[in-house]
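Note that this is a predicted model, so its numbers are computed, not measured. Note: hydrogens, waters and symmetry copies are ignored here, and every other heavy atom, side chains too, is used. All ligand and atom numbering here is 1-based and tracks the order in the structure.
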Amino acid sequence: MGRKFFVGGNWKCNGTVEQVESIVNTLNAGQIASTDVVEVVVSPPYVFLPTVKGKLRPEIQVAAQNCWVKKGGAFTGEVSAEMLVNLGVPWVILGHSERRSLMGESSEFVGEKVAYALAQGLKVIACVGETLEQREAGSTMAVVAEQTKAIAGKIKDWTNVVVAYEPVWAIGTGKVATPAQAQEVHANLRDWLKTNVSPEVDGFLVGGASLKPEFIDIINAATVKSA
Ligand SMILES: O=C[C@H](O)COP(=O)(O)O
C-alpha cells in the first residue's frame, strides 16, 4: 500500500439546514472505502459544524474552513482555534485560495494561522496554489514554494498538516488542470517537502462536487488509486 489517501470536501459558503441534512444522510448511507486507506474530512460552514459533527458517521471527520490567527477576544466575526477544539472539531482548512485572493490573506498571515492552530491541537489542511497570471508567467513553483516556505518558517512538526495544492485558475472557472499539470506540481512540492520537512500525503480537496452524492464515488476512487 502506498501513501494514505486524503479526501477533503470543502462545502465553502453553501447549504441550508435542509441541504446539509440531505448531504449528511447521503454520506451516512453511502458505502465508503475503508478509512485505513483513505482519510475523509468534510468542511461545512461554521454554523453547521455542530450539527454535521453530531450526525455524521464517525469515520468521516469534520473541518472548519478557517479560524482566527491567535487567541480569541475582540475580533468581531472571527472564530478561534480554541472554539473549534472546544467543539471537538479536529481539522481546519487554512490559506484557501479564496481567502488569499478575496480576503487578502498573505502567505505570512497564513503561516501564522497554521502555527497557531497546530499549537492548539488542530490538524491543518494548508492550501497553496498559483493564479493563472502566475502560471502564465512561469512562476508556478516559485509561488507554491513561497507559500509553503511561509508555513515552514513558522512550524517544525508537519505531522498534523496536509498540504493541498489548488491551481487557482482551475477553481470555478470551467478550466481543468490536467493530471500532468497537477502531477508536475505535486512532484515538485513533494520533493521540496521531502527535502525540507518530509510529510507524505496524496489526495484531493474537492469543492462543488463534495455537495453532491458523487462525493461517495470520489472517496471510493481514492481507495482504488491507493490500492
Ligand atoms: O476547496 C476546494 C477547491 O477550491 C476546489 O473547488 P472546486 O472543486 O469547486 O473547483
Structural part of L205 in contact with ligand 1, heavy atom criterion under 4.0 angstrom: both
Of all pairs that satisfy ring-ring contact (aromatic ring centres under 6.0 Å, His included), the ones with a partner from residues 164-185, not counting sequence neighbours: Y165-H186
Side-chain (R57) to main-chain (G30) donor-acceptor, under 3.5 angstrom: yes
Nearest neighbour in protein (non-hydrogen) for atom 6 (O) of ligand 1: K12 NZ, 3.1 Å
Distance filter under 4.0 Å to G208 heavy atoms, resulting ligand 1 atoms: 7 (P), 8 (O), 9 (O)
R135/E130 ion pair, N-O < 4.0 Å: yes
From G129, S97, G207 - option closest to atom 7 (P) of ligand 1 by heavy atom: G207
Proximal atoms of ligand 1 relative to E166 (non-hydrogen, under 4.0 Å): 1 (O), 2 (C), 3 (C), 4 (O)
Would you be so kind as to tabulate the donor-acceptor pairs closer than 3.5 Å made by side chains of residues 46-56, with sequence neighbours excluded?
unit_1	atom_1	unit_2	atom_2	d
Y46	OH	N66	O	2.6
K53	NZ	G88	O	3.3

Ligand-side contact atoms (ligand 1) for residue partner H96, heavy atom cut-off under 4.0 Å: 1 (O), 2 (C), 3 (C), 4 (O)
Donor-acceptor pair, side chain of Q147 and main chain of V144, under 3.5 angstrom: no
